[in-house]
Amino acid sequence: MDKTTITSVIRVENLCKSYKKVKAVDNVSFCVNRGEVFGLIGPDGAGKTSIIQILAGVLKAESGKAFVNEIDVTKNPEKVKSLIGYMPQGLGLNLYDSLSIEENIDFFRGLRLIPEEVFEKNKKTLLEITRLTPFLQRQAKALSGGMRQKLALVCTLLHLPDVILLDEPTTGVDPLSRQDFWNIIHGLVRQRGVTVLLTTSYMDEAERCHRVALMHEGRILLQGKPEELGNLEEIFIERVTGRRLETEDLKLKRYSFNKGKKLIISCHSVTKTFGKFKAVDDVNLNVMEGEILGLLGPNGAGKTTLIKMMCGLLPPSDGEIKITGYDVKKDKSKVWDIIGYMSQKFSLYRDLTVRENMRLYAGLYSVKKNDFAEIIEMIGLKGFEERLTKDLPLGIRQRVALACALLHEPPVLFLDEPTSGVDPVARRSFWKIIFQLSREKNVTVLVSTHYMDEAENCDRLCLMHNGKVIADGSPEELKRNSEKISGSLIQLKTEKFMEAYELISKEFKEVSIYGSKIFIRSFVPDTTKLRINEILRAAGIIKFEITSIAVPLQEAFVDYIKKG
């Protein structure tokens, strides 16, 4: 941020909140300055939502203090509600599905008692920046995840508050909408000096904030500027486990397409329609033995539908799918014998122990042996065998689900968003198991994910959007090829980045803000760097740093969606 007068708009001091025996917020302290985007970063269950709800005046704290604009929210929760905009977690959960976009906006205007003149002006401004004007008559239930979140943001900001509290605003939102969302947030900060506190489980979103606090089990592990903290995932793992990551832990060998490898999964012109809606549209896809294929795409892209068709759980409307040569339509029972499937939602019995769940699934798969020692050791479940699954941490529950999917030793494994909401330590352990299965046992793995950093682990990525495959290749290939669509990526750092952004965005089209950094896309990077240098120096900005950087996978995905 520019070095202007800084005052704390949000201040949290020694805040505590428990649910029965679980300490959700444990002695948390931090502050958020005026005109700052501050991120509470951490997995599900870290305590982020509880803090946001206390600050919004909808949840009582047990001890400690929380101030918004010097109002103690723990004593006067009602007094703060007119000053803030609060958007709860979930894809537009504060909306009414049966109402249109315009009707939802009008309803929230009534709740806020906003004067007509102020309302019309604010409504016009917010609809323009969210690009929702052409869809005013569309019902909320017919909107995509990204559009729902934009509408929820419009309803949250109708009274144009000075403080915005956003709980997991981009979870489940497609990359293009995520980028739009962040542009809107930074636009409000830049133009109106709005203060933003948001939560997210995406570690890669930290760099879009001015400052962050990394949370785990109700406590803040560390806080500061993202560029000064370093790799948050590695830091998280080091702080939680007490050990540094070894270099070899991070070196994941890419799959090699040897001539001897067999074709395991084959999709030919696969289409799935529900009424007039095409959920999957003419998909062609081949996956080889031992390969880890990542299926990327937003909610509604068709990933889960495609996986269910591959598993024989849904019949294709058109096209052909073969697993190790078996047609999923004609040989469904044979296909089920050779695949393991871990669904998006936790599918085990919560009132059974780990061992009892495994025995149940062994019976379903006709696996006779009841000694699960080998798989318990491999998956890392030793010591958890007699515990009820409902009492296990999310990461361990996901391991149990994986163990049950592997009991019959399938050569093909389908994982539908297996690490959603799981902490980085559990995610890293999960991926080690996936690599062990692929590299040592030649298991073919198809995994869908929302996490771009996780997608980097895959041998090959298949990007889906609106039911179609829009790109296919290794992570490195996709990032390189994206430069042909939008150009190379230039990063600008300067203490006067607000002023710099205003100057640069007048000259170049592809400009975006990432926290306190500015990204510029250009097909002539050297010429662009010289021009940026000229513009900044002419404006009296002397201290700055211009560098070319690799295109992140998130940016590459956005490029392919735009091209599509």
Side-chain angles (χ1 to χ4, degrees), residues 252-255 257 261-267 285-296 303-314 321-326 328 331-348 357-358 361-362 364-367 372 374-381 395-420 422 426-451 454-455 457-462 464:
L252 307 172
K253 292 182 180 177
R254 284 272 178 257
Y255 175 88
F257 289 92
K261 295 287 185 183
K262 295 185 292 186
L263 176 64
I264 299 295
I265 302 172
S266 170
C267 296
L285 183 66
N286 291 325
V287 190
M288 309 302 286
E289 183 183 39
E291 186 177 10
I292 301 173
L293 178 78
L295 207 55
L296 261 70
K303 307 186 303 294
T304 297
T305 303
L306 181 59
I307 287 175
K308 285 182 175 178
M309 284 193 288
M310 290 181 187
C311 294
L313 298 173
L314 275 176
I321 302 174
K322 288 186 176 180
I323 309 291
T324 66
Y326 294 118
V328 294
D331 306 304
K332 195 179 291 184
S333 61
K334 290 178 181 175
V335 168
W336 286 349
D337 286 339
I338 59 171
I339 66 169
Y341 173 54
M342 186 175 158
S343 66
Q344 193 172 357
K345 293 182 179 176
F346 186 67
S347 58
L348 301 182
N357 265 293
M358 293 178 76
Y361 273 77
L364 293 174
Y365 286 124
S366 301
V367 176
F372 308 119
E374 185 182 343
I375 196 163
I376 283 171
E377 185 69 38
M378 182 181 78
I379 303 293
L381 291 173
I396 302 298
R397 285 211 302 263
Q398 294 298 78
R399 284 197 220 176
V400 179
L402 178 61
C404 290
L406 293 171
L407 283 172
H408 58 306
E409 299 180 352
V412 185
L413 184 61
F414 293 96
L415 307 171
D416 194 5
E417 298 198 21
T419 61
S420 184
V422 172
R427 280 173 64 198
R428 186 61 63 100
S429 300
F430 202 92
W431 273 95
K432 278 190 176 182
I433 295 164
I434 292 173
F435 269 90
Q436 187 180 350
L437 290 166
S438 164
R439 280 22 178 190
E440 296 177 13
K441 297 181 181 289
N442 258 347
V443 173
T444 302
V445 182
L446 192 147
V447 56
S448 71
T449 181
H450 268 310
Y451 295 101
E454 187 169 88
N457 292 336
C458 298
D459 300 311
R460 189 159 57 97
L461 296 174
C462 185
M464 291 189 71

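- Put simply, the side chain of Glu289 never gets that close to the backbone of Ile264: no donor and acceptor are under 3.5 Å apart.
- Between Leu306 and Leu295, some side-chain heavy-atom pair lies under the 4.5 Å cut-off.
- Asp337 meets the side chain to side chain donor-acceptor pair (under 3.5 Å) test with no other residue; sequence neighbours excluded.
- Scanning both residues, Arg460 and Glu291, for their nearest heavy atoms gives NE-OE2, 2.7 Å.
- The distance from the CD1 atom of Ile434 to the CG atom of Asn457 is 8.0 Å, given to the nearest 0.5 Å.
- Every side chain to side chain donor-acceptor pair (under 3.5 Å) that Arg427 has, sequence neighbours left out, goes to Asp453, Glu454.
- Residues meeting the side chain to side chain contact (heavy atoms under 4.5 Å, CB included) test with Gln436, sequence neighbours left out: Met378, Glu440.
- Arg439 approaches Asp459 most closely through the heavy-atom pair NH2-OD1, 2.6 Å.
- Partner of Ile292 under the side chain to side chain contact (heavy atoms under 4.5 Å, CB included) criterion, chosen from Val443, Thr444, Val445: Val445.
- Considering NZ of Lys322 and CD1 of Ile265, their distance stands at 14.5 Å, rounded to 0.5 Å.
- In this structure, Ile339 and Pro410 approach most closely via the heavy-atom pair C-CB, 3.5 Å.
- A distance of 9.5 Å separates CG of Leu313 from OG of Ser343, quoted to the nearest 0.5 Å.
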Worked verdict on Met288 versus Leu263 for side chain to side chain contact (heavy atoms under 4.5 Å, CB included)
CA-CA 5 Å; Met288 309 302 286; Leu263 176 64; 3.9 Å; yes
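- At a threshold of 4.5 Å between non-hydrogen side-chain atoms, the residues Thr449 and Glu417 do not count as touching.
- Side-chain atoms of Leu413 and Leu402, non-hydrogen and from C-beta on, do get closer than 4.5 Å to each other.
- Looking at residues two or more places apart in sequence or on another chain, you find no ring pair (Phe, Tyr, Trp, His ring centres under 6.0 Å) involving Phe430.
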Given Tyr341 and Cys404, is the side chain to side chain contact (heavy atoms under 4.5 Å, CB included) satisfied, shown in steps?
CA-CA 9 Å; Tyr341 173 54; Cys404 290; over 6 Å; no
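- Partners of Ser448 under the side chain to side chain donor-acceptor pair (under 3.5 Å) rule, at least two apart in sequence or in another chain, are Asp416.
- We find the CE-OG1 distance between Met464 and Thr304 to be 9.5 Å, quoted to the nearest 0.5 Å.
- Applying the side chain to side chain contact (heavy atoms under 4.5 Å, CB included) criterion to Ala362, with sequence neighbours excluded, gives Val367, Phe372, Leu407.
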Verify side chain to side chain contact (heavy atoms under 4.5 Å, CB included) between Lys432 and Leu437, making sure each step is shown before the conclusion.
CA-CA 9 Å; Lys432 278 190 176 182; Leu437 290 166; over 6 Å; no
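- To the nearest 0.5 angstrom, Gln398 atom CD is 11.5 Å from Ile433 atom CD1.
- Here the CG atom belonging to Asn286 is positioned 8.0 Å from the SG atom belonging to Cys267, to the nearest 0.5 angstrom.
- Among all heavy-atom pairs drawn from Leu348 and Ala401, the shortest one is CD1-N, 3.6 Å.
- The side chain to side chain contact (heavy atoms under 4.5 Å, CB included) test applied to Tyr326 returns Thr324, Asp331, Lys334, Val335, Ile338, not counting sequence neighbours.
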Please lay out, stage by stage, how Leu461 and Leu293 fare under the test side chain to side chain contact (heavy atoms under 4.5 Å, CB included).
CA-CA 6 Å; Leu461 296 174; Leu293 178 78; over 6 Å; no
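- Side-chain contact between Val447 and Pro418: present, with at least one pair of heavy atoms (C-beta onward) separated by less than 4.5 Å.
- Annotation for Cys311 and Phe414: closest pair SG-CD1, 3.4 Å, computed over non-hydrogen atoms.
- Of all heavy-atom pairs between Ile379 and Arg399, the closest is O-CD, 3.0 Å.
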